[in-house]
Amino acid sequence: MPVNNRISAFHNEITEWRQTIHQHPGLLYDVEETAALVASKLREFGVDEVVEGIGRTGVVAVIKGRQNGSGRTIGMRADMDALPIHEKNDGPYKSKYDGKMHACGHDGHTAMLLGAAKYLAETRNFDGTAVVIFQPAEEGGAGGKAMVDDGMMERFGVDEVYGLHNLPGLPVGEFAINDGAMMAGTDEFTITLEGAGAHAAMPHMGRDPIMVASQMVQALQSIVSRNVDPLSSAVLTVTAIHAGKAYNVIPQDAKFWGTVRTLNDEVREQVFARMKTLLEGIAAAHEMTVKIEINAGYPVTVNHTEQARFAADVARDVVGMERVDADRLPVMGGEDFSYMLLERPGAFIFMGNGDSAGLHHEEYDFNDDAIPVGASYWAKLVEKAMPAAA
Ligand SMILES: [Zn+2]
Ligand SMILES: [Zn+2]
């Protein structure tokens, strides 16, 4: 089956929803306008149940197939939140809220899953239950975790869960996936170094935290280059250094922070252990104290093998064999769908957004040409996972 014809017939309608959502972006959990639109459309489609307020502002709907011999329930998740970016695009559907923008394509994800819900509620051509999940706060607020913590998986009896993200640079009509780590685990660190302030002309009277912080930043770069296996992956980036105010004063302390991205717990633990050794060693050598704070972020997004292979097969059914890369290298960004994959087997897939600006860029825009592709993927996933008897 190529792109679903019935869904192609909704293309203009789904595009209108997408552009309406784009005009009214909300940050983190403040996605009330989008959630209200989603809930009202779902009711209009005549789904079996719509529940609002899961994970604060998330929406979940249940669509029962015309048979339920399989007893299976498949969850499909879209994210609804935008980013604190001033949109540079001009056009009829530019963001109406200055400083907020759908720069990650979650407007498209939401609209496509709504389109699939409309089709599934109309056709019901499957044997089991489809659950559509619209989550808030993907961009740093762990909305996926909030929905899981609200008991979503148990309440709706979800057996397997699937997610999708658009990917700039991958042509429209193509998919990419692998059967392991798809996106990195993200952690943040803050390092506070306590030295001893002094007159800038009398450094021997103090202990200079700026000089030592500089050594630390350099030393941290040896972890990825000298400690992590070259065939594994890790990123350690220092993104801020703060110390001092005057030209003639050695400050008392220095602070710097940054992010660590890894694809498995072993490497993650190794990076943090080496950070501790290096930072405490350097601090001790200079008779200073160092405080290391780690702020654990999103876990690694790890696909389950069987479900990832199934998702690749679904994508092949929609766009053809040669348009699905089933050995895609991971992306070192993070994704809070990881929390759902820790709860249930499932898979996360990338879908081409064509030659657009990159994700989180002020000129990014979701590609409406991809709508029938993504919505057909969702519809096919349900019909293939739980085929109705003739
Ligand atoms: Zn994003
Ligand atoms: Zn995103």
Side-chain angles (χ1 to χ4, degrees), residues 18 21-22 24-31 34-35 38 55 57-58 76-89 95 97 99-114 132-147 161-170 172 175-177 181-188 235 237 239 259 261 297-303 328 330-341 346-354 356-368 370-371 373-374 377-378:
R18 201 287 285 187
I21 295 167
H22 189 90
H24 304 93
L27 304 183
L28 294 168
Y29 288 93
D30 298 331
V31 292
T34 301
V38 164
T57 41
M76 293 166 285
R77 168 274 206 176
D79 35 16
M80 298 189 286
D81 59 321
L83 286 155
I85 295 175
H86 176 80
E87 179 163 17
K88 268 281 182 65
N89 299 310
S95 169
Y97 306 143
K100 299 180 190 175
M101 175 191 175
H102 270 292
C104 204
H106 299 182
D107 47 349
H109 302 165
T110 296
M112 290 187 297
L113 188 56
L114 267 183
V132 285
I133 300 164
F134 298 87
Q135 76 151 77
E138 192 288 320
E139 301 287 1
K145 181 175 191 300
M147 293 188 90
V161 68
Y162 293 85
L164 173 155
H165 208 291
N166 77 93
L167 193 64
L170 187 68
V172 170
F175 285 94
I177 190 168
M182 280 288 280
M183 298 196 66
T186 63
D187 296 289
E188 293 166 354
V235 178
T237 301
T239 53
T259 183
R261 308 288 171 108
Y298 293 166
V300 185
T301 303
V302 185
N303 279 345
R328 172 77 194 195
V331 171
M332 295 309 276
E335 189 21 271
D336 86 343
F337 185 64
S338 51
Y339 290 108
M340 297 193 189
L341 287 178
F348 190 69
I349 196 166
F350 295 129
M351 180 193 79
N353 198 54
S356 69
L359 299 172
H360 296 201
H361 191 278
E362 60 194 5
E363 288 171 349
Y364 169 86
D365 195 18
F366 180 81
N367 192 330
D368 288 321
I371 283 175
V373 179
Y377 168 78
W378 287 132

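Whatever order the structure lists them in is the order used to number ligands and atoms, beginning at 1. What's counted below: heavy atoms across the whole structure, side chains too, no hydrogens, waters or symmetry copies. Just so you know, these numbers come straight off a predicted model, no measurement behind them.
- Taking 2.8 Å as the threshold, His109 does not count as a candidate ligand of the Zn ion (ligand 2), since none of its N, O or S atoms lies below it.
- In terms of the salt bridge (Lys or Arg N to Asp or Glu O under 4.0 Å) criterion, Asp81 has no residue partners (sequence neighbours excluded).
- Ordered by chain and number, Cys104 SG, Glu139 OE1, Glu139 OE2, His360 NE2 make up the set of protein N, O or S atoms under 2.8 Å of the Zn ion (ligand 1).
- Partners of Glu362 by salt bridge (Lys or Arg N to Asp or Glu O under 4.0 Å), not counting sequence neighbours, listed by chain and number: Lys88.
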Would Leu164 and His109 satisfy side chain to side chain contact (heavy atoms under 4.5 Å, CB included), going step by step from the backbone distance to the final call?
-> CA-CA 7 Å; Leu164 173 155; His109 302 165; 4.2 Å; yes

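- Sorted by first and then second residue, the salt bridge (charged side-chain N to carboxylate O under 4.0 Å, His left out) pairs involving residues 135-146 (not counting sequence neighbours) are Lys145-Asp149.
- In this structure, a donor-acceptor pair under 3.5 Å is absent between the side chains of Asn303 and Tyr162.
- For Phe175 and Phe350, the ring centers sit 6.0 Å or farther from each other.
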